[in-house]
Asker: 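Here you go, one structure.
The analysis underlying the following values was restricted to heavy atoms, covering all of them including side chains, and did not include hydrogens, waters or symmetry mates.
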2 protein chains.
Amino acid sequence: MILSLMEQYQQLDTIFQALADPTRRAVLSRLGQGPASISDLARPFDMALPSFMKHIRFLEGSGLIQTRKAGRVRTCVIDKQRFAAVEAWLADQRALWEGRADRLEQFVTQEQDKAK
Amino acid sequence: MILSLMEQYQQLDTIFQALADPTRRAVLSRLGQGPASISDLARPFDMALPSFMKHIRFLEGSGLIQTRKAGRVRTCVIDKQRFAAVEAWLADQRALWEGRADRLEQFVTQEQDKAK
DNA sequence: CAGACACTTAGCCATTGCGCTAAGTATATT
DNA sequence: AATATACTTAGCGCAATGGCTAAGTGTCTG
């Protein structure tokens, strides 16, 4: 589902905070290559599983990933569309630098089209 | 001064965390239109000055802005180059996604096989 | 030179973030 | 049926974040 511009902006706090942690960025990079289970994702990290799960829940709360449990295995998938909010904000900044405030919406639309 | 790619990546934690706060993003947007003093920047916010200054110091620590004091006035300027680290990270993510299409299909096929 | 102005420092407080361990639940596997 | 697997829940501890007030410093301004 496509979020409205305003809704995307309201999520920026959570999204940027999710990206501020190296463990979570590493998880996103791993998931960029395809879905994975919790234990597969956790294996590279020297961290207790409950600690790792907090990162997963944080990512899920930010919308950057989705998870689904089948049997005793929870599988995680990245949600690429959520990154559009970040790109939109960056585009907005660039527009300000260049003295234009009108390019943002156009850019977001383009990114959403790309995601399809 | 130009940062190496690796140094930029080491700064991602701080940069993303700086961007995770709406006050700080608003300050960046304001500075995207040109330099400003602390009091000018603080005026729109319903916040005590020492609280606001913490945001400025955080932004300065992340490298997203630079400040310089002349007389009793501290002037803030945005450092656009610092945004390159964010853009680079996003570009890397997209690269992973694009190399992923075949693996995703593989995964789906595997799941379908398991279901039988 | 007195007072206003623009920060600046110091320190308090509540909440959140991120790690841990111990123990629990639900689902395979043998 | 018993054990192993894959999370899951509960709760602890410490550091960092983001707000505040009170008081201090240095620089104009009248």
Side-chain angles (χ1 to χ4, degrees), chain A residues 10-31 34-77, chain B residues 10-31 34-78 107 110-111 113-116:
Chain A
Q10 291 173 335
Q11 300 288 335
L12 275 179
D13 285 23
T14 312
I15 291 174
F16 277 128
Q17 204 182 342
L19 299 181
D21 183 273
T23 299
R24 291 192 291 260
R25 285 198 308 276
V27 167
L28 288 173
S29 290
R30 167 66 188 78
L31 290 177
S37 71
I38 299 288
S39 359
D40 283 351
L41 290 171
R43 193 161 300 119
F45 299 99
D46 184 20
M47 191 183 292
L49 195 60
S51 311
F52 183 78
M53 277 299 298
K54 284 194 183 178
H55 290 297
I56 296 296
R57 295 300 186 189
F58 201 121
L59 284 168
E60 195 175 14
S62 75
L64 289 166
I65 71 170
Q66 287 153 25
T67 80
R68 195 170 55 87
K69 194 160 187 179
R72 60 185 170 176
V73 177
R74 180 171 295 275
T75 301
C76 306
V77 186
Chain B
Q10 291 173 336
Q11 299 288 334
L12 276 177
D13 285 24
T14 312
I15 291 173
F16 278 128
Q17 204 183 343
L19 299 180
D21 183 274
T23 299
R24 291 193 291 260
R25 285 198 309 277
V27 167
L28 288 173
S29 290
R30 168 63 188 79
L31 289 178
S37 72
I38 299 289
S39 1
D40 283 351
L41 290 170
R43 192 160 301 118
F45 299 99
D46 184 19
M47 191 182 295
L49 195 60
S51 310
F52 183 77
M53 276 301 296
K54 284 192 183 178
H55 289 298
I56 296 296
R57 294 300 186 189
F58 202 122
L59 284 168
E60 196 176 14
S62 75
L64 289 166
I65 72 169
Q66 287 153 22
T67 79
R68 196 169 57 87
K69 194 158 186 179
R72 58 184 172 178
V73 177
R74 181 172 295 276
T75 301
C76 306
V77 186
I78 199 167
F107 175 83
Q110 284 170 2
E111 290 303 302
D113 289 344
K114 282 180 191 170
K116 286 173 187 171

Asker: Rounded to the Å, how far apart are Arg74(A) CZ and dT8(D) C1'?
Answerer: 9 Å
Asker: Working note: Leu41(B) + Leu31(B), criterion side chain to side chain contact (heavy atoms under 4.5 Å, CB included); need CA distance, chi angles, decisive distance, verdict.
Answerer: CA-CA 8 Å; Leu41(B) 290 170; Leu31(B) 289 178; 3.8 Å; yes
Asker: Select one nucleotide: of dT8(D), dG19(D), dA6(C), the one nearest the side-chain heavy atoms of Ser39(B).
Answerer: dA6(C)
Asker: Roughly how many Å is it from CZ in Phe52(B) to P in dT8(C), rounded to a whole number?
Answerer: 12 Å
Asker: Do Lys54(B) and dG19(D) share a donor-acceptor pair, side chain to base, under 3.5 Å?
Answerer: yes
Asker: Whole-Å distance between dA16(D) P and Arg24(B) CZ?
Answerer: 15 Å
Asker: So, OP1 or OP2 of dT8(C): does either fall under 4.0 Å of a side-chain N or O from Lys69(B)?
Answerer: yes
Asker: How about His55(B) and Val27(B): do any of their side-chain heavy atoms sit closer than 4.5 Å?
Answerer: no
Asker: Please report the distance, rounded to the nearest Å, between CG in Asp21(A) and C1' in dA16(D).
Answerer: 14 Å
Asker: Choosing from dC7(C), dT17(D), dC7(D), which nucleotide comes nearest the side chain of Val73(B)?
Answerer: dC7(C)
Asker: Can a side chain N or O of Ser51(A) be found less than 4.0 Å away from OP1 or OP2 on dC20(C)?
Answerer: yes
Asker: Hey, is the main chain of Ala18(B) close enough, under 3.5 Å, to the side chain of Arg25(B) for a donor-acceptor pair?
Answerer: no
Asker: Could you give me the CA-CA distance, side-chain angles and deciding distance for Thr75(B) and Arg68(B), then say whether side chain to side chain donor-acceptor pair (under 3.5 Å) is met?
Answerer: CA-CA 5 Å; Thr75(B) 301; Arg68(B) 196 169 57 87; over 6 Å; no
Asker: Quick check for you: among dG17(C), dT21(D), dG19(C), whose closest atom lies nearest to any side-chain atom of Ala48(B)?
Answerer: dT21(D)
Asker: Which sits closer to the 5' end of DNA chain C, Met47(A) or Gln17(A), going by the nucleotide each is nearest to?
Answerer: Gln17(A)
Asker: Roughly, in whole Å, what's the span from CD1 in Ile38(A) to P in dT9(D)?
Answerer: 12 Å
Asker: Provide, to the nearest angstrom, the distance between the CZ atom belonging to Arg57(B) and the P atom belonging to dT8(C).
Answerer: 5 Å
Asker: With respect to the side chain of His55(A), which nucleotide from dG19(D), dC18(C), dC7(C) is positioned closest?
Answerer: dC18(C)
Asker: Counting the atoms with a prime plus P, OP1 and OP2 as sugar-phosphate, which does Leu49(B) contact under 4.0 Å by heavy atoms, base, sugar-phosphate, or nothing?
Answerer: base
Asker: Could you please name the option among dG18(D), dG19(C), dT8(D) that lies closest to any side-chain atom of Pro50(A)?
Answerer: dT8(D)
Asker: I would like to know whether Phe16(B) and Gln17(A) meet side chain to side chain contact (heavy atoms under 4.5 Å, CB included); could you show each step before the answer?
Answerer: CA-CA 6 Å; Phe16(B) 278 128; Gln17(A) 204 182 342; over 6 Å; no
Asker: Rounded to whole angstrom units, what separation is found between the CD1 atom of Ile56(A) and the P atom of dC7(D)?
Answerer: 10 Å
Asker: Using whole Å, what does the distance between atom P of nucleotide dA6(C) and atom CG of Asp40(B) come to?
Answerer: 9 Å
Asker: Using the side-chain heavy atoms of Arg72(A), tell me which of these nucleotides is nearest: dA6(D), dC20(D), dC12(D).
Answerer: dA6(D)
